[in-house]
Amino acid sequence: MKKTLQILFLLAIVGLSVTAQSIGGHHSGPMPVIKSGTMSIENIDPQWRAKLQHKISENDGPNQDVLNAIKAEKFNIKKQNLPVNSMAASDDNKEKSTASFGPVLGVNFQGNSNTQGCPQDNTIAISNGGLIASLVNSDIEYYNSSGAYINGMTLVNFYNDNTLSTFICDPKVIYDPQADRFIFYSQTCDGSSATSRVIISFSNTNDPSGLWTYYELTGNPMNDGSWFDYPKIAVSTDEVFITGNLFYDAGTFNQSVVYQIKKSDGYSQLSLTWQYWSNISGSPFTILPVGNGQSGNYGPPGIHLVNTFSNGGSSFNYYYIDNNLSNSPTMTYYSIPTTAYSVAGHASQSGTTHILDNGDCRAMNGFYLNGIIHFVFCCDIGSGWNGINYNRFTVLNQTNASYSFGSAGNFDYCYPAVASISSSSTDKSVAIAFVRSSGAIYPETRVVTCDDAGNWSNSVLVKAGDGYISNCYDSNKGADRWGDYSGISRKYNNNHVWMSGSYGNSSNYWNTWIAEIIPGTVGINEVKNNQPNTMNVYPNPISNLFTMDLYAPESGSIKASIYDETGKLVKLLYEGYIWKGDNTFRFDKGSLDCGIYFLTIENNNTIISHEKISIIH
């Protein structure tokens, strides 16, 4: 008990600060580009997509010993209070939903395949034209919005540059809706200042499978024997911002930095103009820059950034860079009080004594919209259990509202990522992708929504785990690697969200699942998408008559309805009784306009099956 109290006391004093404004950091002068070039994706047969097998090392931040001790102690507390490896089957209603709607799962499919590399570090972006770029630590792959694979290759082969390390990792991809282009980040990952490179690539067109222009920047910007890790990326109207942590060659943490880059140079294949910020106030470890949450970008000038404390605390850091790099920008720093948060314990998984590393309380994902910064991280929501901590920080009056979600005593919810899912910039509704595990289930990936008023839906299963994870053990943490990120991207010309998350496969390593998330409709609480597909609609696309084959495991009453892409009910096709087994319905498209719709089957206000349909002339 004495040990527990000592650890909790250490936790309580980490991150204590007083609200204040001060100079946030200092920027360098113009910095050089080490190398630039162009490359394109080769059209590789999907059956012959070579994969690298590697495990990414995890670098220690400040107070790492304290963090490890807290996580281990809280995991032991969970085991004492509840035998997590022998829990009963789950009950999602324990999430205590307060919303009358939930997200609907659209197109979904297996994404980047894996050959035992870890962690996945999922990242995803989708263009207004429906082209998807999905990356993990080993490769980049492209799909269309129907889930068809276009092409892809390993990150090393993507650059085809023998002057780079053969170990490239930590990819980040974003879509810039203003420019209709993709931006892709990666870095060398051999932990050496001599070879540390920050690599930023700009697509030459809106087709990510076409030509890209890439630039190699130093990962040792102060020439002090440091190398770059833990990247984050966001865009403003005129610039790209990349943040990261510098580590000395000995492996100890140096400081966090921000790279400020003129993005039009990259789009025009010009020499890249950039500078960096260092000696940043507030002792940050991982700074999150936030881009605009809906179509277009904010600024010029400047960018908003936040930083939460890995061990926990009762405040977070807010930074604002107030101008473009050509106009003598300054960085302002504020310490913002918030609801106290703390790191939770590691997570269990079914079928094994291997546990999963839950990470820490650093904010890893967020966006800015209508004067509010939305950001997420995981933290202790009770008795050492991990849950989602979702925040809405109003910049003008510097107030923060925190919302927690999870099921303490039942599941661990980790590695969240957030995106706007509303059609209006004044509507604060979001979708949050995350991963979940417990002693009762294999690691899975899910999504939940939080509405404008801060009401949570029940979460929706995106992909259930098929097995536990045992190939990614980190002896320093005493746990297998998980995360480190979930991927999420809004499709900016509608209010759909696309996500990529990790799940345990039957071979006991990680795989990726990609899914389209559609705003739910009032009265629809949860999609039971863990059931096998029970519906088939043909022909699809539909020009006139169409047939729906529906298999029912039991006899009962259903409703068959058509919704448009905004979640609005367009037509109730059928409401009545169906028999156990095969049922066939035939319908006329009637007066439906051309476009995309969703045919759903509901029972007791729960969607039990759904399919995306296309109406043509």
Side-chain angles (χ1 to χ4, degrees), residues 23-37 56-62 64 155-156 159 161-172 185-202 213-234 239-263 265-266 270-289 303 305 307 317 319 321 323-326 328-331 333:
I23 298 299
H26 303 278
H27 65 76
S28 68
M31 293 291 291
V33 172
I34 295 175
K35 187 176 181 180
S36 63
I56 307 301
S57 62
E58 187 171 18
N59 306 299
D60 289 345
Q64 190 66 47
L155 298 182
V156 171
Y159 295 107
D161 183 348
N162 59 14
T163 67
L164 288 173
S165 164
T166 57
F167 200 2
I168 297 176
C169 69
D170 268 9
K172 300 289 180 188
Y185 168 95
S186 61
Q187 66 186 47
T188 55
C189 283
D190 45 11
S192 168
S193 61
T195 57
S196 181
R197 297 290 184 270
V198 167
I199 313 168
I200 182 168
S201 307
F202 299 82
T213 300
Y214 75 95
Y215 301 85
E216 297 176 23
L217 314 180
T218 178
N220 181 24
M222 290 176 286
N223 198 28
D224 61 353
S226 295
W227 51 278
F228 194 102
D229 203 3
Y230 289 111
K232 301 286 175 285
I233 185 170
E239 295 176 326
V240 184
F241 293 84
I242 296 171
T243 65
N245 298 326
L246 299 182
F247 295 85
Y248 292 116
D249 284 330
T252 56
F253 174 64
N254 178 359
Q255 61 177 289
S256 294
V257 292
V258 179
Y259 286 24
Q260 185 174 5
I261 302 165
K262 185 179 178 182
K263 72 179 183 182
D265 290 345
L270 301 175
S271 180
L272 206 62
T273 306
W274 73 284
Q275 66 182 19
Y276 70 91
W277 296 81
S278 61
N279 299 313
I280 297 172
S281 301
S283 303
F285 178 60
T286 303
I287 302 174
L288 174 69
I303 195 82
L305 311 97
N307 153 248
N317 295 331
Y319 305 91
I321 297 175
N323 222 319
N324 294 340
L325 57 85
S326 60
S328 301
T330 60
M331 178 189 287
Y333 155 69

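Note that the structure is a prediction, hence the values are computed from the model and not measured.
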Open item on the list: Applying salt bridge (charged side-chain N to carboxylate O under 4.0 Å, His left out) as the test, list every pair that has at least one member in residues 214-225; sequence neighbours left out.
Closed with: none

TODO: Evaluate the side-chain proximity of Ile199 to Tyr185: yes if any heavy-atom separation is below 4.5 Å, no if none is.
DONE: no

Task: Taking every non-hydrogen atom, the tightest pair across Glu239 and Asn323 - done: OE1-O, 4.1 Å

Open item on the list: So His26 and Met331, do their side chains get closer than 4.5 Å, heavy atoms only?
Closed with: no

Task: Distance (rounded to the nearest 0.5 Å) between Ile34 CD1 and Leu272 CG - done: 12.0 Å

Give the table of side-chain donor-acceptor pairs shorter than 3.5 Å for residues 276-289, with sequence neighbours excluded, one pair per line with atom names and distance.
from: Trp277; atom 1: NE1; to: Gln260; atom 2: OE1; distance (Å): 2.9
from: Ser281; atom 1: OG; to: Ile23; atom 2: O; distance (Å): 2.7
from: Thr286; atom 1: OG1; to: Asn245; atom 2: ND2; distance (Å): 2.9
from: Thr286; atom 1: OG1; to: Arg362; atom 2: NH1; distance (Å): 2.7

Task: Pairing residues for Lys262 by the side-chain contact (heavy atoms from CB on, under 4.5 Å) criterion, not counting sequence neighbours - done: Ser264, Asp265, Thr273

Task: Sub-4.5 Å side-chain heavy-atom contact between Tyr319 and Asn307 - done: yes

TODO: Not counting sequence neighbours, which residues clear salt bridge (charged side-chain N to carboxylate O under 4.0 Å, His left out) with Lys232? List them please.
DONE: none

Task: Where Pro329 and Gln275 come nearest, the two heavy atoms and their spacing - done: CG-NE2, 3.6 Å

TODO: State, yes or no, whether a side-chain contact exists between Phe247 and Thr252 at a heavy-atom distance under 4.5 Å.
DONE: no

Open item on the list: Give me the atom names and distance for the closest heavy-atom approach of Gly266 to Thr213.
Closed with: O-CB, 4.3 Å

Task: Validation row: Asp161, Lys35 side chains within 4.5 angstrom (heavy atoms) - done: yes

- [ ] Indicate yes or no: at least one non-hydrogen side-chain atom of Asn220 is less than 4.5 angstrom from one of Leu246.
- [x] no

Task: Nearest atoms (heavy-atom pairs only) where Leu155 meets Cys169 - done: CD1-CA, 4.3 Å

TODO: Might you point out which heavy atoms bring Tyr259 and Val257 nearest each other, and give the distance in Å?
DONE: CE1-CG2, 3.9 Å

Open item on the list: My understanding is that only residues two or more places apart in sequence, or in another chain, count here; which of them pass side-chain contact (heavy atoms from CB on, under 4.5 Å) with Asp249?
Closed with: Ser193, Trp227

Open item on the list: For Tyr215 and Phe202, take the angle between the two ring planes, folded into 0 to 90°, and tell me which bin it lands in: parallel under 30, tilted 30 to 60, perpendicular over 60.
Closed with: perpendicular

Task: Thr195: side-chain contact (heavy atoms from CB on, under 4.5 Å) partners, not counting sequence neighbours - done: Asp190, Ser192

